[in-house]
Amino acid sequence: MFETSHIHLKKEALKNNLSFIRGLIGDDCQMTSVVKGNAYGHGIEEYVIMAEECGVTHFSVYSTDEAQRVFNVKRPNTAIMIMGSVDDGGLAWAIDNEIEFWVFDEERLNKALRLAEDLGKKAKLHIEIETGMYRTGFENGEIKTVIQTLQRSLEHHTLLGICTHFAGAESIANYYRIKEQIRRFKRALKQFEKADLKPIYRHACCSAALLRFPEMRMDMVRVGILQYGFWPSTETFIDYTQKHKTMDEPLHRIISWKSHVMSIKSVKTGEYIGYGTSYLAQRDTKIGIVPVGYGHGFARSLSNQGRALINGIRVAVIGTVNMNSLAVDLSEVETVKKGDSVTLIGKDGDLDVSVASFSEATNQLNYELLTRLPMHIPRIVE
Ligand SMILES: *Cc1c(COP(=O)(O)O)cnc(C)c1O
């Protein structure tokens, strides 16, 4: 392969994380693996195939285009759920291919039921309830109409789910807001129950919520960040270690990102390195050029800030990150030659560049940094 860097995915790590999650939620709760955002940067196709091999049978995405990517590689009995955007063409495709999707307004509900009738298939619906996040979902005042519509069209749909999403379960500061969301969700569930509309899955929890509100795991949890081996926030990790009286890290990261030293040169004291004057060599410095830049997802804000690992030694990014390359200080790396491996995220020997430390330097969340890793970098499962 001729690409300048590669993303490696460790299957053993995924197995570990899935069994950790299974240990928390028990055998009777369904887990849907959230693979929106190109599987949080891991690569949808590679990730879905690997996760199926580890026993995952249900995937969730945000939009139809992502659903199609899962659909193209998945096994016949694996389910897909679209949680967000579906346009009209996408709706017909979804119904025809038995893709589950969220419904959060009457227009989509009515369209879906009409299309299902035309196609002679049952639409697999998840009814989303607005409980206080104010993104999408049926308001309390609309639920009655939704129930009537569903009752009138039983032959054109299967009620797969009733669901909601919490506004920031990863932060303890949101505790009361979420308690109120839980109350509203339970009230809506009762209304459906009274009307004898029983969903297969009642679901509300993302990673943070399944950790912090165990009673809300219900029939299904929607797990994104945790399965990839990251905590939703430092708070959730500390909360977990205190409840379980352990400081052991139960999660393993799946992803690592590697490139290589493309060229090496020596710079004399007093010379500026790279564009402009952001880095002045204060001693004779050996530098290495790595063919990865902001065009590959290595944030420009990591100029003079980022870290990488070469031959088991931590090196600093010096000068500005360019579009296609960056420079590292090799002064401390005694034996280094062109072609040596450079770890941008992941482990080398005893050292580790975590996405978190990488992103703390730029104030980005793990979520954002992972998702920004470009689609075109090859993913290698090992
Ligand atoms: C992204 C998302 C999730 C998963 O969130 P994590 O914090 O990554 O577990 C769950 N539910 C919905 C609706 C989402 O959009």
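Along the sequence shown, the residues carry numbers beginning at 1. Both counts, for ligands and for their atoms, begin at 1 and track the order of listing. Any value given below was found using the heavy atoms of this structure, including those in side chains, with hydrogens, waters and symmetry copies removed.
Of the protein's non-hydrogen atoms, Arg222 NE, 2.9 Å is the one closest to atom 11 (N) of ligand 1. Ranking protein heavy atoms by distance to atom 9 (O) of ligand 1, first place goes to Ser207 OG, 2.5 Å. Protein heavy atom at the shortest distance from atom 2 (C) of ligand 1 is Lys36 NZ, 2.5 Å.
Exactly one residue among Glu45, Arg69, Glu66 makes a side-chain hydrogen bond (donor to acceptor under 3.5 Å, both in side chains) with Asn38. That residue is Arg69.
Between Val333 and Val336, the closest heavy-atom pair is O-CG1, 3.7 Å.
Any N or O atom pair closer than 3.5 Å counts here, and Trp102 shares no such pair with ligand 1. For Gly224, a nitrogen or oxygen atom sits less than 3.5 Å from a nitrogen or oxygen atom of ligand 1, counting backbone and side chain alike. Of the polar atoms of Ala208, none of the N or O atoms is found under 3.5 Å from an N or O of ligand 1, judged by distance alone.
The part of Arg135 lying near ligand 1 is the side chain, judged by heavy-atom distances below 4.0 Å. In Pro232, neither the side chain nor the backbone holds a heavy atom less than 4.0 Å from any atom of ligand 1. Using a 4.0 Å cut-off between heavy atoms, His165 contacts ligand 1 through its side chain alone, with no backbone atom that close.
Of all atoms in ligand 1, numbered sequentially from 1 with element shown, those under 4.0 Å from a heavy atom of Met83 are 12 (C), 13 (C), 14 (C), 15 (O).
For Tyr40, the heavy-atom gap to ligand 1 drops under 4.0 angstrom.
From Gln68, atom CD reaches atom CD1 of Ile82 across 8.0 Å, with rounding to the nearest 0.5 Å. Interatomic distance, CG of Leu344 versus CZ of Arg307, reported as 13.5 Å (0.5 Å rounding).
Every pair passing ring pair (Phe, Tyr, Trp, His ring centres under 6.0 Å) that includes a residue from residues 229-256 is listed here, sequence neighbours excluded: Phe20-Tyr240, Trp231-Phe237, Trp231-Tyr240, Tyr240-His244.
Ring geometry for Tyr201 versus His126: interplanar angle under 30°, hence parallel rather than tilted (30 to 60°).
Counting heavy atoms from C-beta on, the side chains of Glu235 and Glu170 never come closer than 4.5 Å.
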